[in-house]
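Everything numeric here is computed off the predicted structure, so don't read it as measured data.
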Amino acid sequence: MVDADRPALSGLKEIAAYMGRSPNTMRRLIACEDFPAVKIAGEWTSDIAMITQWRRERIRGRRRREVKD
């Protein structure tokens, strides 16, 4: 279980668990969707506040596109 009060996540499995996605999906999001994660000394790390901001940006962008359709 991931503690939401922690500011950072370490390891792709922990990041994937926090997002409710598979590690493979997270690799795709990192590579193609500018997901805020980086490999440091061979281990993936991410920041919960940055993930929240990334999600909000995606939601805002998607809502704008849906309104235009």
Side-chain angles (χ1 to χ4, degrees):
M1 183 81 184
V2 177
D3 182 356
D5 293 330
R6 286 183 45 203
L9 302 170
S10 295
L12 194 57
K13 286 183 181 180
E14 188 173 66
I15 296 167
Y18 180 78
M19 290 293 293
R21 303 286 186 251
S22 72
N24 286 336
T25 297
M26 293 313 305
R27 284 185 190 93
R28 184 185 57 76
L29 290 173
I30 292 164
C32 301
E33 300 290 331
D34 202 27
F35 184 84
V38 66
K39 215 173 204 181
I40 299 174
E43 183 173 56
W44 286 104
T45 188
S46 189
D47 179 82
I48 292 173
M50 291 177 76
I51 292 172
T52 300
Q53 180 180 352
W54 179 86
R55 282 179 164 169
R56 286 180 178 146
E57 289 170 1
R58 295 304 171 286
I59 291 167
R60 271 191 224 111
R62 185 159 308 211
R63 289 182 68 205
R64 273 187 228 132
R65 281 186 294 237
E66 289 174 357
V67 170
K68 290 179 183 178
D69 290 345

What side-chain donor-acceptor pairs closer than 3.5 Å can you find for residues 24-36, not counting sequence neighbours?
| unit_1 | atom_1 | unit_2 | atom_2 | d |
| --- | --- | --- | --- | --- |
| Asn24 | OD1 | Arg27 | NH1 | 2.8 |
| Thr25 | OG1 | Ser22 | OG | 3.0 |

Grouping ILVMFWY residues whenever side-chain heavy atoms fall under 4.5 Å, the cluster of Met50 otherwise contains none
Heavy atoms of Ala16 and Pro23 approach each other most closely as CB-N, 3.8 Å
Measure from the side-chain N and O atoms of Thr45 to the backbone N and O of Leu9, and report whether any donor-acceptor pair falls under 3.5 Å. yes
Rounded to the nearest 0.5 Å, what separates atom CG in Leu12 from atom CZ in Arg21? 13.5 Å
Just grab all the side chain to side chain donor-acceptor pair (under 3.5 Å) pairs involving residues 47-57, residues at least two apart or on different chains. Gln53-Glu57
